[in-house]
Amino acid sequence: MTRIPALMAPLILTLTACSGPALIDAVTPRSGYRLTADLPFAADPRLRLDLYQPDAPTPGGSAVVFFYGGNWESGDKGLYRFVAQALAARGHTVAVPNYRLYPAVRYPAFLEDSAAAVAWLRRHGAEHGVAPGPVALMGHSAGAYNALMLALDDRWLGAQGLDPARDLSGVVGLAGPYDFLPLTSDMLKDLFGPEDQRPDTQPINHATRQAPPLLLATGTEDETVYPRNTRNLTERIRDLGGTARAVEYDGVGHLRIIAAFARPLRWLAPVLNDVDGFLKGLKAQG
């Protein structure tokens, strides 16, 4: 179990609170990568992505699309430089897109936006020096939902002329909601539509043995998205004959699993090492 030294507790509380992103950004290195910001991938003005490319790519580096969380109603790509920097320092290229948020849109608009970002990277990445080939998806919380839905339900990438089996190398889900019915929040009920249509919105109901390899991680102390989401989807994929690895970090909660990418907080849990190893394993296999 990860134990938090008493003297470090105030720092962690500050870094994972509302002011946390600004503080984390302040201690995130600005060297070692090239940032091309605000690349448009669809017509809506919000639909832009930031592309982080390592100064020193490695043979095992992947191209990764990272979707942030925020309950589908908040978030911005600029807040996640610390995630992209951590991965770029390990040799990976990272695209961080925005997607439209509630209440401006409802399901499935954010999936359509996410698929458009993946399609842009597949089709235009080479113009920016990204190596051709399948890309990996990664997300935290609501972003993990987006990533898994693209991987498991081929409607969304299919609408972009892509095929998850061909165009995705693997998927990382961090603290993702994959099996979260019945809905109790009025906001989520409005977001996901009529009750009889909600089963179709659940990643677990689209599980398939053809899914790309999955790394699904959660924290045992997550009280926002319960660990059963990760356990249930992992079990379903394995029962179908697919490849899914589950990791649970003892004593880690919903925000700390992503905060552990920040350089001063990496001792919280080996999330970066696990993700990096998974991504490089995909390249070795492919």
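Every value quoted in this text rests on a predicted model; they were computed, and no experiment measured them. No hydrogens, no waters, no symmetry mates; every other heavy atom, side chains included, goes into these values.
Counting only heavy atoms from C-beta outward, the side chains of L233 and D179 never approach each other to under 4.5 Å. Contact of the V247 side chain with the F278 side chain is not registered, since no non-hydrogen atoms from C-beta on lie closer than 4.5 Å. Counting only heavy atoms from C-beta outward, the side chains of V172 and D274 never approach each other to under 4.5 Å. Residues L157 and L168 are in side-chain contact: their nearest non-hydrogen atoms beyond the backbone lie under 4.5 Å apart. Side-chain contact between N273 and R266 is absent, with no heavy atoms from C-beta onward closer than 4.5 Å. Side-chain contact check for L49 versus W120: some heavy-atom pair is nearer than 4.5 Å.
Between the side chain of D76 and the backbone N or O of G78, at least one donor-acceptor pair lies under 3.5 Å. Formation of a donor-acceptor pair under 3.5 Å by the D50 side chain with backbone atoms of V96 is not found in this model. Looking at H140, its side chain does come within 3.5 Å of a backbone N or O of H254 through a donor-acceptor pair. No donor-acceptor distance shorter than 3.5 angstrom exists from the side chain of N205 to the backbone of D200, with no hydrogens or angles considered. Formation of a donor-acceptor pair under 3.5 Å by the K280 side chain with backbone atoms of R90 is found in this model. Here the side chain of S62 pairs no donor or acceptor atom with the backbone of V64 at under 3.5 angstrom. Remark: the backbone N or O of A37 is not paired with any side-chain donor or acceptor of R48 at under 3.5 angstrom. At distances below 3.5 Å, not a single donor-acceptor pair connects side-chain atoms of R236 with backbone N or O atoms of A207. W72 places no side-chain N or O within 3.5 Å of a backbone atom of G69 that could act as its donor or acceptor partner. Using a distance-only test at 3.5 Å, with no hydrogens or angles considered, a donor-acceptor pair links the side chain of D167 to the main chain of D163.
Linking ILVMFWY residues whenever their side-chain heavy atoms come closer than 4.5 Å, directly or via other members, places L39 and V94 in the same cluster. Under the 4.5 Å side-chain heavy-atom criterion for Ile, Leu, Val, Met, Phe, Trp and Tyr, L282 and L272 are members of the same hydrophobic cluster. Following chains of ILVMFWY side-chain contacts shorter than 4.5 Å, one cannot reach V225 starting from Y249, and the two form parts of different hydrophobic clusters. V130 and F66 end up in the same hydrophobic cluster when Ile, Leu, Val, Met, Phe, Trp and Tyr side chains are linked at under 4.5 Å. Under the 4.5 Å side-chain heavy-atom criterion for ILVMFWY residues, no single connected hydrophobic cluster contains both L240 and L150.
Across all non-hydrogen atoms, the minimal contact from P227 to G219 is CG-O, 3.3 Å. Nearest approach of P97 to F41, heavy atoms of both residues: CB-CE2, 3.8 Å. Across all non-hydrogen atoms, the minimal contact from L101 to G75 is CD1-O, 3.9 Å. Closest non-hydrogen pair, A175 versus I257, comes out as CB-CG2, 4.0 Å. Among all heavy-atom pairs drawn from E112 and Q160, the shortest one is O-NE2, 4.4 Å. Residues N146 and S114 share a closest heavy-atom pair of ND2-OG, 3.4 Å.
Residue E127 qualifies as enclosed at atom CD: its count of foreign heavy atoms under 6.0 Å is above 12. Heavy atoms of other residues, nucleotides or ligands lying less than 6.0 angstrom from CZ of R263 number 12 at most. When the shell of 6.0 Å around CZ of R209 is examined, it contains 12 or fewer heavy atoms from other residues, nucleotides or ligands.
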Going through the distances and angles, do W156 and L162 end up as a side chain to side chain contact (heavy atoms under 4.5 Å, CB included)? CA-CA 9 Å; W156 314 114; L162 302 181; over 6 Å; no
Would you sort out whether T201 and Y145 count as a side chain to side chain contact (heavy atoms under 4.5 Å, CB included), showing the intermediate values? CA-CA 10 Å; T201 70; Y145 170 94; 3.8 Å; yes
Go through the steps to decide whether Q85 and Y52 satisfy the test side chain to side chain contact (heavy atoms under 4.5 Å, CB included), and finish with yes or no. CA-CA 7 Å; Q85 181 277 328; Y52 297 79; 5.8 Å; no
One pair to check against side chain to side chain contact (heavy atoms under 4.5 Å, CB included): N71 and L188. What are the steps and the verdict? CA-CA 9 Å; N71 203 39; L188 291 178; 3.9 Å; yes
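Remark: E235 CD to T230 OG1 distance equals 12.5 Å, nearest 0.5 Å. Within the model, atoms CZ of R81 and OG1 of T28 stand 5.0 Å from one another, a figure rounded to the nearest 0.5 Å. Distance check, rounded to the nearest 0.5 Å: OG1 of T184 to NZ of K189 gives 7.0 Å. Atoms NE2 and CZ, from H128 and R34 in turn, are 11.5 Å apart once rounded to the nearest 0.5 Å. Taking OG of S141 as the reference point, atom CG of D222 lies at 7.5 Å (rounded to 0.5 Å). Between the CD atom of E221 and the CD atom of E248 there is a distance of 10.5 Å, given to the nearest 0.5 Å.
A donor-acceptor pair shorter than 3.5 Å cannot be found between the side chains of R198 and Y107. If you check the side chains of D154 and H206, you find no donor sitting under 3.5 Å from an acceptor.
Between Y99 and F67, the ring planes are perpendicular. Angles over 60° get that label, and only those under 30° would be called parallel.
A salt bridge does not link R46 to D44: none of the charged nitrogens lies less than 4.0 Å from a carboxylate oxygen. Under a 4.0 Å N-O distance rule, the pair R30/D25 qualifies as a salt bridge.
Here the rule is side-chain contact (heavy atoms from CB on, under 4.5 Å) with L152, and of V171, I204, I237 only I237 fits it.
Ring to ring, F82 and F261 are not that close: their centroids are 6.0 angstrom or more apart. Aromatic ring centres of F180 and F192: separated by under 6.0 Å.
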